[in-house]
Amino acid sequence: MVKDILKGVVMGIANIIPGVSGGTMAVSMGIYDRIIHAVTHLFSEFKQSMKVLIPIGIGIVLAIVAGARIIECMFGNIPFQTNLLFIGLILGGLPAMGKKVKGNRIKVSYILAFLLFFVLVVGCASLEGNSGTAAELSFSFINVFKLLGIGVIASATMVIPGVSGSMVLMILGYYEPVLGMVNQFVDHLKEFDLQGLIGDCGVLIPFGIGVVVGIFVIAKLIEIVFEKWPLLAYWAIIGLIVASPVAILMMNEFGTLQIMTILTGVVALAAGVLVSLKLGEE
């Protein structure tokens with residue numbers, strides 16, 4: 001259970017980093033298929049599904065609540081090393097994906113799937129620079145429906161390996177407002193500010209409901225794809241994984257890099273690969 005919680009933590013942290021996919025992390029750690037099966041069979045296999053989802057869910061929530069500030073601090077102080085750490089976590093999942101397609105003949109359709117999804121991720125990253133102003137978050141009748149829709153979109157992209165939900169939120173102008181709202185909720189909780197908590201919940205609850213709905217809908221679609229076209233799906237995911245580091249580098253500017261910064265960045269990259277490989281062990 002502790003190992004599954006740690007895997008959930010990695011997924012949670014990945015989901016709050018623009019350019020990094022929580023779905024990719026799940027694939028890298030060998031738990032993606034288990035999560036999809038547990039979500040799509042929640043009612044028919046309730047007990048077994050909850051054994052999978054509860055520890056991973058605990059890890060994700062802990063990571064999002066605690067990690068929002070930590071990640072903000074890391075990107076503020078060591079952005080180059082932090083980005084390379086996450087690139088390492090992503091690349092560490094490639095051997096596991098290679099095993100999925102090993103021994104099968106490479107078809108033109110597989111190459112096209114790889115290229116299509118590679119371009120999809122890189123294309124989304126290129127749009128980030130045109131993300132526009134941040135959306136205004138407040139409790140209102142119109143915003144409730146907006147947040148429900150944004151939650152569905154965000155969760156759907158978080159579930160798909162290689163597609164960054166937080167990057168999509170950034171493009172839509174909701175990334176910083178939602179991240180700030182999570183931090184504000186934690187502050188109000190520490191201060192026992194009930195009025196503030198009620199206001200925060202008026203924003204976070206509709207968003208959370210949208211996230212849950214989106215996960216269930218997209219998970220079922222993904223399960224169907226893996227049942228009918230598994231190799232095509234795996235090659236598409238490989239394209240998404242390979243493109244994710246490119247997207248991360250496209251979305252960040254590091255300026256002039258010193259030798260020590262590069263060396264520590266290489267160490268962070270290696271650490272990310274090792275952690276991903278270790279967590280992906282069955």
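The closest side-chain heavy-atom distance from D187 to D193 is not below 4.5 Å. Two residues are said to be in side-chain contact when any heavy atoms from C-beta on lie closer than 4.5 Å; F216 and L42 meet this criterion. Under the 4.5 Å side-chain criterion, counting only non-hydrogen atoms from C-beta, C73 is in contact with N77. A heavy-atom distance below 4.5 Å is found between the side chains of T264 and M260. Side chains of Q195 and H188 form no contact here, defined as non-hydrogen atoms less than 4.5 Å apart. Two residues are said to be in side-chain contact when any heavy atoms from C-beta on lie closer than 4.5 Å; V178 and M181 fail this criterion. The shortest side-chain heavy-atom distance between I209 and L148 falls under the 4.5 Å cut-off. In this structure, the side chains of F117 and I237 stay at 4.5 Å or more apart for every pair of heavy atoms.
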**OP:** Assess whether side-chain contact (heavy atoms from CB on, under 4.5 Å) is satisfied between I31 and M11, documenting all intermediate values.
**Re:** CA-CA 10 Å; I31 58 173; M11 284 186 63; 3.9 Å; yes
Original post:
Checking side-chain contact (heavy atoms from CB on, under 4.5 Å) for the pair V9/I60: CA distance, chi angles, key distance, verdict?
Top reply: CA-CA 5 Å; V9 168; I60 290 174; over 6 Å; no
Subject >> Derivation of the side-chain contact (heavy atoms from CB on, under 4.5 Å) call for F114 and V242 >> reply: CA-CA 9 Å; F114 173 91; V242 173; 4.1 Å; yes
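Closest approach of A219 to V39, counting heavy atoms only: CB-CG1, 3.8 Å. I64 and G12 make their closest contact through CG1-O, 3.9 Å (heavy atoms, listed as atom of the first residue, atom of the second, distance). Closest approach of I78 to T82, counting heavy atoms only: O-OG1, 2.7 Å. Scanning all heavy atoms of the two residues, the minimum distance from V182 to V65 falls at CG1-CA, 4.4 Å. Nearest heavy-atom pair across A38 and S49 is O-OG, 3.1 Å. V144 and P206 get closest at one heavy-atom pair: O-CB, 3.8 Å.
Here I54 contributes atom CD1 and I5 contributes atom CD1; the two are 10.5 Å apart, rounded to the nearest 0.5 Å. With rounding to the nearest 0.5 Å, the separation of CG in L62 from CD1 in I13 is 10.0 Å. To the nearest 0.5 Å, atom CG of residue L221 and atom OG1 of residue T40 are 11.0 Å apart. Summarising the geometry, atom CD belonging to Q48 is positioned 11.5 Å from atom CG belonging to L53; distances are rounded to the nearest 0.5 Å. Interatomic distance, C201 SG to F185 CZ, rounded to the nearest 0.5 Å: 5.0 Å. The distance from atom CE of M74 to atom CD of Q81, rounded to the nearest 0.5 Å, is 9.0 Å.
I87 and V275 fall within a single hydrophobic cluster, where Ile, Leu, Val, Met, Phe, Trp and Tyr side chains are chained together by heavy-atom contacts under 4.5 Å. V246 and V119 fall into different hydrophobic clusters, where Ile, Leu, Val, Met, Phe, Trp and Tyr residues are linked whenever their side-chain heavy atoms come under 4.5 Å apart, directly or through other members. In this structure, F145 is a member of the same hydrophobic cluster as V152, with clusters built from ILVMFWY side-chain heavy atoms closer than 4.5 Å. The cluster map of Ile, Leu, Val, Met, Phe, Trp and Tyr, joined by side-chain heavy atoms under 4.5 Å apart, puts I222 and W229 in the same cluster. In terms of hydrophobic clustering, with Ile, Leu, Val, Met, Phe, Trp and Tyr side chains grouped at heavy-atom distances under 4.5 Å, L116 and I111 are assigned to a common cluster.
For D4, the salt bridge (Lys or Arg N to Asp or Glu O under 4.0 Å) partners are R34, not counting sequence neighbours. With sequence neighbours left out, K51 forms a side-chain hydrogen bond (donor to acceptor under 3.5 Å, both in side chains) with no residue at all. The salt bridge (Lys or Arg N to Asp or Glu O under 4.0 Å) search around K100 returns D33, not counting sequence neighbours.
For CD of E191, the number of neighbouring non-hydrogen atoms (other residues, nucleotides, ligands) closer than 6.0 Å is greater than 12. L257 CG: more than 12 foreign heavy atoms inside a 6.0 Å radius. Summarising the local packing, CD1 of I106 is surrounded by 12 or fewer heavy atoms from other residues, nucleotides or ligands at distances under 6.0 Å.
For an aromatic pair to be called close, the ring centres must be under 6.0 Å apart, and Y234 with Y110 fails this.
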